[in-house]
Amino acid sequence: MWARRFAGTLLRSHSVGVFSPAAGLPTAAKAAAKITPIVPILSIQTQQTRSLGNLQPRRRKYKKAHKGRVPVRVGGSTKGNYMLSGDYGLRVKEGLRLSAKTIETIHAMLRRQLKAVKGLQIWLRVFPDIPVTTKGNEVRMGKGKGAFDYWACRVPKDKIIFELKGPGLNKELAKDALRQASFKLGVRTEIVIADETNRQPKKCDLPPTTVPFQHAK
């Protein structure tokens, strides 16, 4: 029963009657009758390929969101603070809200500065998935939330946003490109070079995130 219902939603076919011997047709008519086979029509699903110019989520439950605040990590979380794939990274030392247009501008600048490097790889560690709305100037209060304007993401302090790697990428070229990229952020940044201290440590080596509860005497 479940298989039929599931196949009915994905495969759309024509309903064709099936002749049975109990029908009142003559024998010659039964032999001459041809049953048309049911040919399922598969639903064609196109694979979506996200390019750099399409930095937005594929779908959201709600088209608008609250403004929110940049998260301040007080529980000891270190997610995104360590190097993952690249050899050089750019880390922000202050929390900020990063727009998709700024990310595209920084990425284009890095590709332009490191154009001579063969096999260059650039990793983006953040993704703009928060819709930002705006209203015009001198608009009276009320009348609902403003219209959608652009996509953005909230980047907490000490998070790495870009990583670079390439066979012909040396330290001087990477540091100069990341230094120029930091000018477009507007906050204090830090250039990170991958080594044992900047790799993600094991969970057993991390300090406890909470202080053990002590009963009052």
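Values below: all heavy atoms of this structure, side chains included; hydrogens, waters and symmetry mates excluded. Numbers here simply count residues along the sequence, with the first being 1.
In the hydrophobic cluster analysis, where Ile, Leu, Val, Met, Phe, Trp and Tyr join through side-chain heavy atoms closer than 4.5 angstrom, Trp123 is grouped apart from Leu120. Both Ile193 and Ile122 belong to a common hydrophobic cluster when Ile, Leu, Val, Met, Phe, Trp and Tyr are linked at side-chain heavy-atom distances under 4.5 angstrom. By the rule that hydrophobic residues join a cluster once side-chain heavy atoms approach within less than 4.5 Å of another member, Phe162 and Leu173 end up as members of one cluster.
Distance check, rounded to the nearest 0.5 Å: CZ of Arg140 to CD of Glu138 gives 11.0 Å. From Lys93, atom NZ reaches atom CD of Glu190 across 4.5 Å, with rounding to the nearest 0.5 Å. One finds the CZ atom of Phe148 at 9.5 Å from the OG1 atom of Thr134 (value rounded to the nearest 0.5 Å). Residue Leu90 holds its CG atom at 12.0 Å from CZ of Arg125, rounded to the nearest 0.5 Å.
Taking each heavy atom of Tyr82 and Thr197 in turn, the nearest pair found is CE2-O, 4.1 Å. Closest of all the heavy-atom pairs between Val70 and Gly95 is CG1-CA, 3.8 Å. The two atoms that bring Ile130 and Ala65 nearest to each other are CG2-CB, 4.5 Å, heavy atoms only. Pro156 and Val92 make their closest contact through O-CG2, 3.6 Å (heavy atoms, listed as atom of the first residue, atom of the second, distance). Residue Gly119 comes nearest to Pro167 through the heavy atom pair O-CD, 3.6 Å, listed as atom of the first residue, atom of the second, then distance. Here the closest non-hydrogen pair linking Arg60 and Lys64 is NH2-O, 4.4 Å.
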**OP:** Apply side chain to side chain contact (heavy atoms under 4.5 Å, CB included) to the pair Val187 and Leu96, showing each step before the final yes or no.
**Re:** CA-CA 8 Å; Val187 296; Leu96 76 158; 4.2 Å; yes

(Q) Assess the residue pair Ile160 and Met83 against the criterion (side chain to side chain contact (heavy atoms under 4.5 Å, CB included)); give the C-alpha distance rounded to whole Å, side-chain angles, the decisive distance to 0.1 Å, and a yes or no. (A) CA-CA 7 Å; Ile160 295 177; Met83 298 290 291; 3.6 Å; yes

Assess whether side chain to side chain contact (heavy atoms under 4.5 Å, CB included) is satisfied between Ile161 and Leu185, documenting all intermediate values. CA-CA 11 Å; Ile161 57 176; Leu185 293 176; 3.7 Å; yes

Could you go through the side chain to side chain contact (heavy atoms under 4.5 Å, CB included) check for Ser99 and Val132 one step at a time?
-> CA-CA 9 Å; Ser99 65; Val132 180; over 6 Å; no

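Counting only heavy atoms from C-beta outward, the side chains of Pro128 and Gln56 never approach each other to under 4.5 Å. In this structure, Val126 and Leu98 have side chains that are in contact, with non-hydrogen atoms separated by less than 4.5 Å. Side-chain contact between Glu163 and Leu84 is present, with heavy atoms from C-beta onward closer than 4.5 Å. Between Glu104 and Leu55 the shortest side-chain heavy-atom distance falls below 4.5 Å. Contact annotation: the side chain of Leu164 approaches that of Leu114 to within less than 4.5 Å [non-hydrogen atoms, C-beta and beyond]. No side-chain heavy atom of Ile106 sits under 4.5 Å from any side-chain heavy atom of Ile103. The closest side-chain heavy-atom distance from Tyr88 to Val192 is not below 4.5 Å. Taking 4.5 Å as the limit, some side-chain heavy atom of Arg97 sits within range of a side-chain heavy atom of Lys67.
In the displayed structure, Lys184 atom NZ is contacted under 6.0 Å by at most 12 heavy atoms of other residues, nucleotides or ligands. In the displayed structure, Tyr62 atom OH is contacted under 6.0 Å by at most 12 heavy atoms of other residues, nucleotides or ligands. No more than 12 heavy-atom neighbours from other residues, nucleotides or ligands sit within 6.0 angstrom of NZ on Lys171. Lys175 NZ: 12 or fewer foreign heavy atoms inside a 6.0 Å radius.
Looking only at atom types and distance, the side chain of Thr105 has no donor-acceptor partner in the side chain of Thr102 under 3.5 Å away.
The side chain to side chain donor-acceptor pair (under 3.5 Å) pairs that include a residue from residues 110-122 are Gln113-Gln180, where partners are two or more places apart or lie in different chains.
In this structure, the side chain of Lys101 does not engage the main chain of Trp151 through any donor-acceptor pair within 3.5 Å. No donor-acceptor pair closer than 3.5 Å links the side chain of Asp129 to the backbone N or O of Cys153.
For Glu94 and Lys157, the salt-bridge test fails: no basic side-chain N is under 4.0 Å from an acidic carboxylate O.
With sequence neighbours excluded, the residues satisfying side chain to side chain contact (heavy atoms under 4.5 Å, CB included) with Asn81 are Arg73, Thr78, Asp158, Lys159.
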